[in-house]
Amino acid sequence: MAADLSFFTSPLSESIRDEGRNEGRAEGRDEGRAQDILRLLDGRGVPLLDADRDRITHCHDLDVLSRWFGRAITATTAEEVFADAPTDTTPGGQPQS
């Protein structure tokens with residue numbers, strides 16, 4: 001007797017599988033970029049605390065990781081990698097709108 005496997009080929013099941021694949025790919029990209037940053041900093045001899053390594057490996061925002069990667073190319077300290085962008089201010093020190 002043949003089993004009914006139609007559920008496994010339904011649009012709903014395909015959607016669920018696609019969602020899982022996409023999540024897995026995103027996680028893989030995040031993890032890969034984090035490892036690239038660590039490898040780059042280690043290769044350049046930039047000292048990192050365990051907290052710095054944890055911050056990089058636990059970040060799942062690809063935009064942030066990409067920004068850190070760009071900074072890691074020239075950074076000489078972890079602080080330079082994590083530095084926030086400077087705020088534009090007027091000569092009087094007031095933030096511009």
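Computed over heavy atoms, backbone and side chain alike; hydrogens, waters and symmetry mates excluded. Numbers for residues simply follow the sequence, beginning at 1.
Note that the CD1 atom of Ile56 and the CG atom of Leu38 stand 4.5 Å from one another [nearest 0.5 Å]. Separating the CZ atom in Arg44 from the OG1 atom in Thr76 is a distance of 7.5 Å, to the nearest 0.5 Å.
Smallest separation of non-hydrogen atoms from Ala75 and Val81: CB-CG2, 3.6 Å. Here the closest non-hydrogen pair linking Glu80 and Arg71 is O-CD, 3.5 Å.
Residues passing the salt bridge (charged side-chain N to carboxylate O under 4.0 Å, His left out) test with Asp36, sequence neighbours excluded: Arg39.
Sorted by first and then second residue, the salt bridge (Lys or Arg N to Asp or Glu O under 4.0 Å) pairs with a member in residues 45-57 read Asp42-Arg53; sequence neighbours excluded.
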Tabulate below the donor-acceptor pairs under 3.5 Å that side-chain atoms of residues 62-70 make, not counting sequence neighbours, or state none.
unit_1: Ser66; atom_1: OG; unit_2: Leu62; atom_2: O; d: 2.9

